[in-house]
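Before anything else, here's the structure in question.
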Amino acid sequence: MATCLVTGGAGFLGSHLCDELLHRGHRVICVDNLETGSLANIEHIRNGQFVHVNVDIIEPYFVEESIDFVYHLASPASPIDYLRLPLHTLKVGSYGTHHTLGLAKRHRARFLLASTSEVYGDPQEHPQRETYWGHVNPIGPRGVYDEAKRYAEALTMAYHRQQGVDTGIVRIFNSYGPRMRPHDGRAIPTFLRQALQDRPITVFGDGSQTRSFCYVEDEIRGLIALAESGYHNPVNIGNPDEFTLLELATTVIDVTGSRSEIVFEALPVDDPQVRQPDISLARQILGWEPTVSLREGLRRTLEEAGAEKLIGAGE
Ligand code: NAD
């Protein structure tokens with residue numbers, strides 16, 4: 001049994017990670033100030049090896065017991081959150097990552113940074129390999145998130161090279177599944193919520209921009225494999241099946257049996273045109289690849305979360 005500290009453990013991905021680590025017999029310390037997460041995501045956990053600590057990681061924090069793994073997921077993640085919390089997002093990526101790396105160093109723990117495909121920006125390389133340096137607008141509204149993550153990657157490599165901390169970096173591509181917030185503004189929860197109410201599905205631009213969607217179970221399996229691998233350079237973990245937003249909308253309509261029509265809205269600033277991971281490296285070093293198709297993942301999300309949770313309260 002290992003002791004794993006998960007920052008952001010009450011969030012969407014973090015809570016699934018806590019579940020899976022506990023399922024594998026590990027002890028889990030969830031550090032989360034509930035800024036964008038919720039106790040509702042962890043209230044089902046009935047396991048004596050689980051503890052939640054309400055701490056804001058922007059301030060230095062300490063843990064008494066010994067720790068083997070640190071999974072650093074805390075950060076606003078959806079555009080709605082980081083546009084509302086621009087300075088907080090930059091502080092979590094900088095101070096928060098600094099404090100969490102310091103903690104990993106003190107405990108001689110293996111550290112895994114949850115980075116993002118957004119470090120590639122609006123990519124000029126397709127699909128995106130880990131060697132691609134990205135095409136990011138640092139001063140646009142999304143810059144606070146993209147640059148916070150790029151800084152966090154630089155900080156992680158500096159702690160590794162200069163301080164000898166055992167670090168890894170996972171570049172997470174769009175993930176989905178139960179516990180997404182219905183109003184977090186991302187495509188899948190929005191489309192599901194609209195489709196389940198037979199309301200118009202709002203596609204940005206002409207819907208020709210592409211995304212690749214990874215079911216949460218696959219994503220979490222990849223994160224743990226990377227944490228346990230001892231690999232130091234960034235690794236893409238995402239599903240390489242690529243869909244246009246229009247294809248996603250029609251698939252959601254199909255899976256939910258909805259009568260919704262599709263309407264088009266203005267494209268947000270700096271919205272990437274394409275997004276598709278090259279996962280050759282993950283296949284090679286981790287033997288990892290996703291197994292859940294988009295259709296299957298949407299069906300499972302619907303089944304496990306239930307329509308009521310996916311619709312949520314209020315508009
Ligand atoms: P989320 O918003 O559901 O979870 C983030 C969690 O971090 C929340 O529970 C929040 O309360 C916590 N948090 C934020 N600031 C904090 C602070 N200062 N101190 C302590 N806790 C704090 O988001 P998510 O979708 O689960 O994303 C988790 C991580 O994965 C993020 O780092 C995100 O950048 C990364 N990621 C997610 C996706 C995705 O598709 N979901 C894609 C790429 C990268």
Side-chain angles (χ1 to χ4, degrees), residues 5-19 29-42 52-61 70-100 103 112-120 128 142 144-153 156 169-190 211-220 222-223 226 234-239 272 275 277 290 297 301:
L5 183 138
V6 180
T7 72
F12 160 53
L13 287 179
S15 62
H16 284 280
L17 176 60
C18 292
D19 282 343
I29 303 169
C30 161
V31 173
D32 199 305
N33 71 345
L34 308 177
E35 180 74 60
T36 59
S38 162
L39 284 179
N41 289 336
I42 50 174
H52 167 233
V53 196
N54 191 327
V55 160
D56 183 344
I57 62 161
I58 287 174
E59 303 299 331
Y61 65 105
V70 174
Y71 291 86
H72 179 37
L73 275 70
S75 167
S78 83
I80 268 186
D81 291 327
Y82 60 71
L83 296 177
R84 178 174 61 89
L85 302 163
L87 285 174
H88 178 84
T89 304
L90 285 162
K91 286 180 188 170
V92 180
S94 52
Y95 302 127
T97 304
H98 183 63
H99 296 145
T100 308
L103 187 132
L112 185 72
L113 170 70
S115 185
T116 168
S117 56
E118 300 297 332
V119 300
Y120 299 124
Q128 295 84 56
R142 302 172 71 106
V144 295
Y145 180 67
D146 304 359
E147 297 296 5
K149 290 290 183 179
R150 289 166 67 91
Y151 176 87
E153 286 199 8
T156 300
I169 298 174
V170 53
R171 291 193 179 142
I172 300 172
F173 282 66
N174 290 23
S175 303
Y176 69 100
R179 297 183 210 152
M180 292 174 306
R181 284 174 297 145
H183 293 275
D184 87 354
R186 288 188 266 201
I188 289 189
T190 305
R211 296 290 183 272
S212 309
F213 302 99
C214 191
Y215 190 62
V216 63
E217 186 184 284
D218 283 330
E219 189 66 46
I220 296 303
L223 256 67
L226 181 54
V235 180
N236 291 337
I237 297 286
N239 192 319
R275 181 69 86 229
T301 304

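Whatever order the structure lists them in is the order used to number ligands and atoms, beginning at 1.
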N or O contact, S115 vs ligand 1, cut-off under 3.5 Å: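 Between S115 and ligand 1 (N or O atoms, distance only) the closest approach is not under 3.5 Å.
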
Whether R179 lies under 4.0 Å from ligand 1, heavy atom: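 R179: no contact with ligand 1 (<4.0 Å).
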
Contact (N/O only, under 3.5 Å) between T36 and ligand 1: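 In this structure, T36 places an N or O atom under 3.5 Å from an N or O of ligand 1.
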
Under 3.5 Å: N/O of T116 near N/O of ligand 1: no

Backbone or side-chain N or O of I172 under 3.5 Å from ligand 1 N or O: no

Parallel, tilted or perpendicular: ring planes of Y95 versus H99, cut at 30 and 60 degrees: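 Aromatic pair Y95/H99 classed parallel.
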
Ligand 1 contact on Y145 by region, counting heavy-atom pairs under 4.0 Å: side chain

Salt bridge (charged side-chain N to carboxylate O under 4.0 Å, His left out) against D56, all qualifying residues, sequence neighbours excluded: none

Side chain, backbone, both or neither: the part of N41 lying under 4.0 Å from ligand 1 by heavy atom: neither

For ligand 1, the portion of N174 having any non-hydrogen atom under 4.0 Å away: backbone

N or O pair under 3.5 Å between I58 and ligand 1: no

Ligand 1-proximal atoms of S78, by part, heavy-atom distance under 4.0 Å: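 The answer is neither; S78 stays 4.0 Å or more away.
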
side-chain hydrogen bond (donor to acceptor under 3.5 Å, both in side chains) between S78 and D81, intermediate numbers included: CA-CA 5 Å; S78 83; D81 291 327; 3.3 Å; yes

4.5 Å side-chain heavy-atom contact, H183 and P189: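 No, their side chains stay 4.5 Å or more apart.
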
Reference residue S115; test side chain to side chain donor-acceptor pair (under 3.5 Å); the match among H72, E153, R171: E153

Side chain, backbone, both or neither: the part of E118 lying under 4.0 Å from ligand 1 by heavy atom: neither

Within-cut-off N or O pair, P76 and ligand 1, under 3.5 Å: no

Polar atom proximity, R181 to ligand 1 (N or O, under 3.5 Å):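 No; every N/O pair is 3.5 Å or more apart.
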
For atom 11 (O) of ligand 1, the protein heavy atom that lies nearest, with its residue and separation: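 For atom 11 (O) of ligand 1, the nearest protein heavy atom is D32 OD1, 2.7 Å.
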
Test item: L223 and L13 side chains (from C-beta on) under 4.5 Å apart, heavy atoms: no

4.5 Å side-chain heavy-atom contact, H88 and E35: yes

Parallel, tilted or perpendicular: ring planes of F173 versus Y120, cut at 30 and 60 degrees: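 F173 and Y120: tilted rings.
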
Partner set under salt bridge (charged side-chain N to carboxylate O under 4.0 Å, His left out) for R142, not counting sequence neighbours: E118, D271

Nearest neighbour in protein (non-hydrogen) for atom 15 (N) of ligand 1: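 Checked against all protein heavy atoms, atom 15 (N) of ligand 1 sits closest to H88 NE2, 3.2 Å.
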
Location of contacts on K91 toward ligand 1, heavy atoms closer than 4.0 Å: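 Under 4.0 Å from ligand 1, K91 contributes no heavy atoms.
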
